[in-house]
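In listed order, ligands and their atoms are each counted from 1.
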Amino acid sequence: MRPPLIDPFGREISYLRISVTDRCDFRCVYCMSEDMTFLPKRDLLTLEEVDRVATAFVARGTRKLRITGGEPLVRRDIMSLFRSLSRHLASGALDELTLTTNGSQLERYASELAACGVRRINVSLDTLDPDKFRAITRWGDLGKVQRGIEAAREAGLRVKINAVALKGVNEDEIEGLMQWAHGLGMDLTLIEVMPLGEIEPGRIDQFLPLSIVRARLMERHTLDDDPYRTGGPARYVRVRETGGLLGFITPMTHNFCESCNRVRLTCTGTLYMCLGQEDAADLRAAVRASGDDALLYRAMDEAISRKPKGHDFVIDRRHARPAVGRHMSVTGG
Ligand code: SAM
């Protein structure tokens, strides 16, 4: 057994999120600008290199892998990565292999994901109104996403819906989204919009504190705190009237760093120790410098020794600047 990865604050790193591409077939307005420049393919880790880094993390105590992006299911041959990583589920080294997706490709891939041992997936969906959906995603087709969700459910995958709460955009729909998700047996998690990357419209205008959403829901629903945890930052309540779980991810109004067990690998092999800080480590150099994993382990140890205590997102109102320059599609949601 290799030693676990423990950061300077005694937190054990057991959860690796891997962004396999910065590309996406949608351009959600709060996530990307319309004219994004994407990375040249040569800068990306190959899927074999991604597997190698993931495997090194599993050897050092990672129990949960989440594949994300950009849109992970638009990366060419992505199923080969799921197939190869599933060996860690089979061996018992890994508890969970999962993904976050916009759902657009799920009709095609749901059953194959289930066959690779994926049990739960997160699907991002902010509205059930087709026109609003097109406006938020800039060109997405809601029907296709809904068929994808259906395909996932039919394949036996547990689906959790993630919705970013956007002031003046979907705030009137949150109760409806919850009724719909819970009616189909799916949990719903709400996310506060985070100041990541330059985008066109002012993010200050989009920010809707979940404390307000929660108070509004409580006018017509009873929310009981629930101990349910997925290893991520969401805190849950069970809604008595629907019986479903409702999660809140509140990076802006409530800091969740004290129990952070996560690090994030980008598609270029950069390891971010915190979503809300710029400090990072280049694991690609270690991977490419030697076929032996000793250098990679050393780079991982060095990176984790620099994991910060937490982030301090602030929307800089005076200069209307994001707290972190890179987009969510770079670090992976
Ligand atoms: N394409 C996949 C998807 O749509 O789920 C995975 C990547 S996407 C970047 C992951 C999640 O991050 C989505 O739920 C998205 O809504 C969310 N997200 C993107 N930018 C965000 C921001 N600035 N603040 C909060 N959430 C954001």
Side-chain angles (χ1 to χ4, degrees), residues 17-33 36 38 66-75 78 98-106 109 113 120-127 132-133 136-142 144-145 148-149 152 159-167 169-170 174 177 181 187-210 213 230 232-234 247-253 256 262 264-267 272 275-276 311 313-315 320-333:
R17 294 191 178 210
I18 305 174
S19 173
V20 289
T21 176
D22 62 332
R23 291 167 197 250
C24 188
D25 49 347
F26 294 170
R27 290 286 180 285
C28 296
V29 290
Y30 52 80
C31 183
M32 292 188 178
S33 61
M36 294 286 288
F38 294 109
R66 176 176 299 279
I67 309 300
T68 179
E71 173 48 41
L73 297 183
V74 302
R75 171 120 189 211
I78 186 63
T98 184
L99 88 154
T100 301
T101 174
N102 64 26
S104 69
Q105 310 298 314
L106 276 176
Y109 289 127
L113 287 166
R120 299 184 314 138
I121 61 172
N122 290 355
V123 179
S124 304
L125 180 62
D126 303 327
T127 177
K132 218 186 268 184
F133 186 80
I136 293 176
T137 59
R138 290 200 178 97
W139 53 68
D141 173 1
L142 177 64
K144 198 169 176 206
V145 170
I149 293 173
V159 177
K160 179 164 76 85
I161 303 295
N162 280 345
V164 176
L166 298 163
K167 189 162 141 193
V169 180
N170 65 357
I174 288 175
L177 262 173
D187 299 335
L188 170 69
T189 292
L190 302 173
I191 307 173
E192 281 175 349
V193 73
M194 289 173 262
L196 301 175
E198 300 281 357
I199 51 167
E200 290 96 358
R203 198 152 2 212
I204 301 165
D205 302 336
Q206 301 173 337
F207 177 62
L208 173 64
L210 289 185
V213 175
T230 61
F248 295 91
I249 300 184
T250 55
M252 304 300 292
T253 53
F256 45 56
R262 292 175 290 285
R264 296 163 192 263
L265 183 73
T266 71
C267 56
Y272 283 98
L275 175 64
H311 61 67
F313 285 132
V314 265
I315 293 180
R321 252 193 328 235
V324 172
R326 57 186 196 276
H327 292 92
M328 190 73 154
S329 54
V330 173
T331 331

Trainee: Give the single entry among Cys24, Ser104, Gly69, Gly103 that approaches atom 8 (S) of ligand 1 most closely by any heavy atom.
Mentor: Gly69
Trainee: Pull out every atom of ligand 1 sitting under 4.0 Å from any heavy atom of Ser124, numbered as shown with elements.
Mentor: 3 (C), 4 (O), 5 (O), 13 (C), 14 (O)
Trainee: What are the atoms of ligand 1, with element, lying closer than 4.0 Å to any heavy atom of Val164?
Mentor: 16 (O), 26 (N)
Trainee: Using atom types as modelled and distance alone, determine if a side-chain donor or acceptor of Arg17 lies under 3.5 Å from a backbone N or O of Arg66.
Mentor: no
Trainee: Does Gly70 come within less than 4.0 Å of ligand 1, judged by its heavy atoms?
Mentor: yes
Trainee: Considering the heavy atoms of Thr68, write down every atom of ligand 1 situated less than 4.0 Å from one of them.
Mentor: 6 (C), 7 (C)
Trainee: Can a donor-acceptor pair be found, under 3.5 Å and without considering hydrogens, that links the side chain of Lys160 to the backbone of Ile121?
Mentor: no
Trainee: Measure from the side-chain N and O atoms of Glu192 to the backbone N and O of Val164, and report whether any donor-acceptor pair falls under 3.5 Å.
Mentor: no
Trainee: What atoms in ligand 1 come closer than 4.0 Å to a heavy atom of Met194?
Mentor: 22 (C), 23 (N), 24 (N), 25 (C)
Trainee: Give a yes or no answer on whether the side chain of Glu71 reaches the backbone of Asn102 with a donor-acceptor pair at less than 3.5 Å.
Mentor: yes
Trainee: Give the contacting part of Tyr30 toward ligand 1: side chain, backbone, both or neither, where contact means a heavy-atom distance below 4.0 Å.
Mentor: both
Trainee: Looking at Asn170 and Ala165, would you say the former's side chain and the latter's main chain have a donor-acceptor pair under 3.5 Å?
Mentor: no
Trainee: Backbone or side chain, does any N or O of Asp126 fall under 3.5 Å from an N or O of ligand 1?
Mentor: no
Trainee: Asn162 versus ligand 1: do any nitrogen or oxygen atoms come within less than 3.5 Å of each other?
Mentor: no
Trainee: Just to check, does Cys28 reach to within less than 4.0 Å of ligand 1 when the distance is taken from its heavy atoms?
Mentor: no
Trainee: Measuring only between side-chain heavy atoms, which start at C-beta, is Arg27 closer than 4.5 Å to Met32?
Mentor: yes
Trainee: How about Met194 and Leu275: do any of their side-chain heavy atoms sit closer than 4.5 Å?
Mentor: yes
Trainee: How close do Arg120 and Thr98 get, heavy atom to heavy atom, and via which atoms?
Mentor: O-OG1, 2.5 Å
Trainee: For the residue pair Phe133 and Phe26, is the inter-centroid distance of their aromatic rings smaller than 6.0 Å?
Mentor: yes
Trainee: Met32: heavy atom below 4.0 Å from ligand 1, yes or no?
Mentor: no
Trainee: Quick check on contacts: which atoms of ligand 1 are under 4.0 angstrom from a heavy atom of Val193?
Mentor: 24 (N), 25 (C)
Trainee: For Thr101, take its heavy atoms, then give the atoms of ligand 1 lying under 4.0 Å from any of them.
Mentor: 2 (C), 3 (C), 4 (O), 5 (O)
